[in-house]
Amino acid sequence: MSDFEHNKMLLDLISDRFELFTFLEKLDVGAYLVDEARTIHSWNKAAEEITGYTKEDVVGRCCRDNILVHIDATGMLICPTELCPLIRSMKSKKTNFVPFAVYARHKTKGKRIPLNVFAFPIDIEGLPYSGIEFFQYARDADDLIRAMNIQTGFLPKELPEKVEVFYHPSAFLSGDMLFYEDDYFGVLDVSGHGVSAALISTSLRLIIKDLIKERVSLDHFGEAIESRYNAFKTTDVHFTGIFGKRTDKGVALISFGHPRPVFIKANGEISEVPVQNDTLLGYNFPHFSKAEAFSLEKGDSILIFTDGLTEIRTQSGMLETSGLIKILNETKNLQGIFLKASELSIESYQNDDISMMKIIG
């Protein structure tokens with residue numbers, strides 16, 4: 001007897017006892033059940049209507065095989081990874097509600113459908129560990145999708161060959177902001193996330209664009225940002241930032257309360273960049289730090305990131321920079337770093353924005 005047949009027999013028993021499949025079939029929201037191996041055991045009528053996929057298309061198949069072709073708001077594939085809200089719920093053994101979590105591709109119409117997702121694990125003694133996901137069309141998503149498109153429009157485009165960026169908000173909108181313009185570059189991280197943090201990070205990007213246009217020295221970025229940010233009259237939001245500029249021999253960096261970047265040498269050595277940290281921004285504190293120069297030989301790189309990455313909770317505690325360095329020993333690819341960190345996470349969802357920028361010598 002195969003694992004699927006064994007699990008199906010046991011899940012049929014639970015269905016007979018609790019009328020689970022009958023209950024799911026009567027719901028007016030999409031619903032499906034998977035076992036621990038991510039094999040789909042039920043797929044209700046509403047799920048068929050929403051996605052165009054029938055029971056025959058999916059039951060008995062593993063959702064990890066990307067048969068549903070789900071992506072998230074940033075376009076990353078979900079099904080082959082542990083970004084799936086249902087799998088995050090089963091792994092963390094916690095319920096998980098994520099609005100606008102998934103863009104499902106309708107089987108016959110081909111269009112993408114934004115879905116609200118609610119997932120929870122089923123852990124009953126004597127039965128295979130499993131999970132159920134409910135989903136419905138996200139009718140309120142249109143305005144947020146427009147806002148997300150506006151914000152992502154501020155992200156760096158047409159980057160030089162030796163600059164890479166990665167951006168993955170915890171929700172549709174982010175307090176993170178990345179920029180690369182006229183050899184100036186940097187990463188901002190506004191406290192909180194969601195609409196208010198996104199509005200502030202987008203406004204800060206406009207401020208920084210003006211500073212670059214005016215050729216303001218990195219040494220004066222802190223005081224210049226504070227002065228212009230004060231016009232917003234916002235006193236309860238702070239932000240960290242690390243700003244840099246390409247030089248003939250490498251980069252100049254200045255940091256304000258931001259996690260230290262990581263230096264990746266061409267020979268494989270990895271260490272923190274010893275940049276001094278000035279006070280964080282947003283409270284009109286005085287700033288005295290000066291930009292520091294760091295050399296980049298051919299093949300060397302500097303990885304800048306927001307603390308949403310190193311503050312991921314793992315079995316042994318926060319990921320921290322030491323955990324990030326272990327990941328970097330496996331992969332230097334930014335999306336690969338994110339996925340490796342997500343695999344280590346014990347949280348039911350990504351609870352902070354994650355952004356990265358790599359400057360290569």
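Formation of a donor-acceptor pair under 3.5 Å by the Glu48 side chain with backbone atoms of Lys55 is found in this model. Side chain of Asp182 to main chain of Tyr184: no donor-acceptor pair is present (N/O by atom type, distance under 3.5 Å, no hydrogens or angles).
Identified under the side chain to side chain donor-acceptor pair (under 3.5 Å) test for residues 307-319, with sequence neighbours left out: Thr314-Ser316. Residue pairs meeting the salt bridge (charged side-chain N to carboxylate O under 4.0 Å, His left out) criterion with at least one partner in residues 252-279, sequence neighbours excluded, are Arg260-Glu272. Legend: salt bridge (charged side-chain N to carboxylate O under 4.0 Å, His left out) pairs involving residues 282-291, not counting sequence neighbours: none detected. The ring-ring contact (aromatic ring centres under 6.0 Å, His included) pairs that include a residue from residues 138-163 number zero, where partners must be two or more places apart or lie in different chains. Residue pairs meeting the side chain to side chain donor-acceptor pair (under 3.5 Å) criterion with at least one partner in residues 338-349, sequence neighbours excluded, are Arg88-Ser345, Glu330-Lys340, Glu347-Asn351. Evaluation of the side chain to side chain donor-acceptor pair (under 3.5 Å) test over residues 293-304, restricted to residues two or more places apart or in two chains, returns none.
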Could you go step by step and tell me if Phe166 and Ile337 meet the side chain to side chain contact (heavy atoms under 4.5 Å, CB included) rule?
-> CA-CA 10 Å; Phe166 177 87; Ile337 294 167; over 6 Å; no
Chi angles and distances behind the side chain to side chain contact (heavy atoms under 4.5 Å, CB included) call for Phe185, Ile359 | CA-CA 9 Å; Phe185 59 87; Ile359 307 296; 3.9 Å; yes
Please lay out, stage by stage, how Val165 and Met357 fare under the test side chain to side chain contact (heavy atoms under 4.5 Å, CB included).
-> CA-CA 4 Å; Val165 297; Met357 174 179 287; 3.7 Å; yes
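A donor and an acceptor atom, one from each side chain of His41 and Asp35, are located under 3.5 Å apart. Side chains of Thr108 and His106: a donor on one and an acceptor on the other come within 3.5 Å.
With a 4.5 Å cut-off on side-chain heavy atoms, Thr306 and Thr240 do not count as touching.
For Thr51, the side-chain contact (heavy atoms from CB on, under 4.5 Å) partners are Trp43, Tyr53, Phe135, not counting sequence neighbours. In this structure His168 satisfies the side-chain hydrogen bond (donor to acceptor under 3.5 Å, both in side chains) test together with Asp72, Gln350, sequence neighbours excluded. Scanning for side-chain contact (heavy atoms from CB on, under 4.5 Å) contacts around Ala252 gives Leu218, Thr247, Ala291, with sequence neighbours left out. Listed by chain and number, the residues in a side-chain hydrogen bond (donor to acceptor under 3.5 Å, both in side chains) with Lys358 amount to none (sequence neighbours excluded). With sequence neighbours excluded, no residue forms a side-chain hydrogen bond (donor to acceptor under 3.5 Å, both in side chains) with Asp65. For the side-chain hydrogen bond (donor to acceptor under 3.5 Å, both in side chains) test, no residue two or more places apart in sequence or in another chain qualifies with Ser89.
Just one residue in the list Arg215, Lys157, Lys209, Lys245 forms a salt bridge (Lys or Arg N to Asp or Glu O under 4.0 Å) with Glu181, and that residue is Lys209.
Interatomic distance, Ile270 CD1 to Leu328 CG, rounded to the nearest 0.5 Å: 4.5 Å.
Scanning all heavy atoms of the two residues, the minimum distance from Pro169 to Ser174 falls at CB-CB, 3.6 Å.
Taking the six-membered ring where the residue is Trp, the centroids of Phe221 and Phe256 are separated by 6.0 Å or more.
Ring pair Phe97/Phe118 is tilted by interplanar angle, where 30° to 60° counts as tilted.
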